There are 2 protein chains.
Amino acid sequence: MKITAMQEYGLRCILQLAARKPSTSHMTVREIAKQEHLTPVYVAKILVTLRRGGLVKSIRGVNGGYALSRPPREISAARVLAVLGKVDLGKNLCKRFPGMSSHCTHSGDCRIRPLWYVLTQYIYNFLDRLTLDQLIQEEAGVSREIRRLQNQNPLPAPKTPALV
Amino acid sequence: MKITAMQEYGLRCILQLAARKPSTSHMTVREIAKQEHLTPVYVAKILVTLRRGGLVKSIRGVNGGYALSRPPREISAARVLAVLGKVDLGKNLCKRFPGMSSHCTHSGDCRIRPLWYVLTQYIYNFLDRLTLDQLIQEEAGVSREIRRLQNQNPLPAPKTPALV
DNA sequence: CCGATACTTGACTAATTTGTCATATTTCGA
DNA sequence: TCGAAATATGACAAATTAGTCAAGTATCGG
């Protein structure tokens, strides 16, 4: 179980934009890359993904750059991670067995399907409540904020089907 | 955020062993492969990983096979996943930046480090309580069991540092 | 002790994910 | 209108992960 590089770096990049005052102001790829110690080309690629996901908007030409398309308070960590790479805890794995059969015999009574399902819900419940404006506080504040979130209620209601 | 193929298939394979009555009896690679619709060679590779992680033991020679090294009740989902592939939500990503610098400037005040840390704790808290004997029940039972686990307490105490 | 069965090992190939490069397009300002 | 500064795009190269192959070692039964 791991987070992809795109998710890690993409979250860092969008947090650079979110931390900007005002958050509607824009920042060039070069600036973001410098802050995050990434190559500008790579950051450019990541930002295109974020743009296609509707989380940032680009301004082209001289004095161009990127800015958030919505205020930090309206963007959740769950959404950012979903845009940067599907969250997939085995749900679709039944379809891609290697070699032999293309049919998942577990379909009727699968031992681990409910596990992936509930675990995804569980994680989503956490990330969906965490917004960018909570993450741009100083480190200690972030920890406090996160811990507060956790202590709300464990799983309020399985409202959303998945981390997509 | 995704689970690796090894984790998915490895968990399925060890559940085959756990479901065996008695759970100390053994099963050949061929049998497991047939049940899970995987190739025997691939299952063999997965089982070697599980053996090296101390979760199963092998019996060589004719009439050989694999068996759990401990009762299903004493093996958690967290342990199985950890043996099959490190659970790594960005903790170590600071070290492997591409290109430019090899030093993480976030070390002092990192915005997403606390996120990965607490999220890992959160997930671990869930998976650590879920044992193989809970997972080998019929599907409906598994869902019920999982839901019960969730409703215990959200985060009892950050006892274990990580999902390793 | 020989052969069949089953696990062991390491090297190899294939697929996916990461990251780079070259080139095109947009915009501003002199 | 031309050049500099910026994003856009698709093809490519590198690294990692997935899965296969072949040749080995252990054990049992006859």
Side-chain angles (χ1 to χ4, degrees), chain A residues 1-10 12-13 17 25-34 36-53 56-67 69 84-88 90 92-93 95-102, chain B residues 1-10 12-13 17 25-34 36-53 56-67 69 84-88 90 92-93 95-102:
Chain A
M1 189 186 292
K2 55 170 53 170
I3 269 205
T4 68
M6 284 273 287
Q7 287 175 323
E8 165 95 17
Y9 298 139
R12 286 183 192 274
C13 290
L17 295 177
S25 70
H26 61 278
M27 208 173 168
T28 67
V29 164
R30 183 173 303 274
E31 287 176 286
I32 298 171
K34 181 163 190 181
E36 292 299 334
H37 290 77
L38 299 169
T39 64
V41 259
Y42 191 27
V43 169
K45 182 179 188 173
I46 290 168
L47 285 169
V48 165
T49 304
L50 287 171
R51 175 174 58 75
R52 289 183 177 153
V56 304
K57 60 188 174 190
S58 70
I59 299 100
R60 300 187 60 164
V62 172
N63 302 332
Y66 281 95
S69 59
L84 290 165
K86 289 290 165 248
V87 178
D88 173 17
N92 303 323
L93 273 174
K95 290 172 193 152
R96 53 166 169 106
F97 272 92
M100 325 177 79
S101 171
S102 67
Chain B
M1 189 183 295
K2 55 170 55 170
I3 269 203
T4 67
M6 282 275 287
Q7 288 176 322
E8 164 94 15
Y9 298 139
R12 286 184 191 275
C13 290
L17 294 178
S25 70
H26 61 277
M27 208 172 167
T28 68
V29 164
R30 182 175 302 275
E31 286 176 288
I32 297 171
K34 181 163 191 183
E36 293 299 335
H37 291 77
L38 299 169
T39 64
V41 258
Y42 190 27
V43 168
K45 182 178 189 173
I46 290 168
L47 284 171
V48 164
T49 303
L50 288 170
R51 176 174 57 77
R52 288 183 178 150
V56 304
K57 61 187 172 190
S58 69
I59 299 101
R60 300 186 61 165
V62 172
N63 301 330
Y66 281 95
S69 60
L84 292 165
K86 289 290 166 246
V87 178
D88 173 15
N92 305 321
L93 274 174
K95 290 174 194 153
R96 53 167 169 105
F97 272 92
M100 322 179 79
S101 171
S102 66

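Because the structure is predicted, anything quoted here is derived from the model rather than measured. Just so we're on the same page: letters track the sequence lines, and every chain starts at 1.
- Counting to the nearest Å, the C1' atom of D:dA18 and the CD1 atom of B:Ile3 are 16 Å from each other.
- Distance from the side chain of B:Val62 is smallest to C:dA4 among C:dA4, C:dG19, C:dT27.
- Considering only side-chain atoms of A:Lys2, the nucleotide from D:dT27, C:dT27, D:dT17 that sits closest is D:dT17.
- The backbone N or O of A:Asn63 sits less than 3.5 Å from a side-chain atom of A:His26, completing a donor-acceptor pair.
- With C:dT20, C:dC7, C:dT8 as the candidates, the nucleotide lying closest to the side chain of B:Arg51 is C:dT8.
- Nucleotides of DNA chain C nearest to A:Arg60 and A:Lys45 differ in position, and the one nearer the 5' end is that of A:Lys45.
- A heavy-atom distance below 4.5 Å is found between the side chains of B:Val48 and B:Arg52.
- Contact between the side-chain N/O atoms of A:Tyr66 and the OP1/OP2 oxygens of D:dA8 is found at a separation under 4.0 Å.
- Closest heavy-atom contact between B:Ile46 and B:Gly10: CG2-CA, 3.5 Å.
- Of the candidates D:dT9, D:dG19, C:dC7, D:dG19 carries the atom nearest the B:Tyr9 side chain, counting heavy atoms from C-beta on.
- Closest contact between the side chain of A:Arg30 and the listed nucleotides C:dA6, D:dA6, D:dT20 involves D:dA6.
- Side-chain proximity of B:Ala44 to the nucleotides C:dT5, C:dT8, D:dT7 is greatest for C:dT8.
- Position along DNA chain C of the nearest nucleotide to A:Val41 versus A:Gly61 favours A:Val41 as the more 5'-ward residue.
- Between D:dA18, C:dA4, D:dG19, one nucleotide has an atom nearer to the side chain of B:Met6 than all others, and that is D:dA18.
- Picking from D:dA6, C:dT8, D:dG19 the nucleotide with the shortest atom distance to the side chain of A:Thr28 gives D:dA6.
- With distances taken from any side-chain atom of B:Thr4 to the nucleotides C:dT9, D:dA18, C:dC7, the minimum falls on D:dA18.
- Residue A:Ile46 contributes atom CD1, which lies 10 Å from atom P of C:dT20 at whole-angstrom precision.
- For the pair B:Glu36/B:Val43, no side-chain contact is recorded, criterion being any heavy-atom separation below 4.5 Å from C-beta on.
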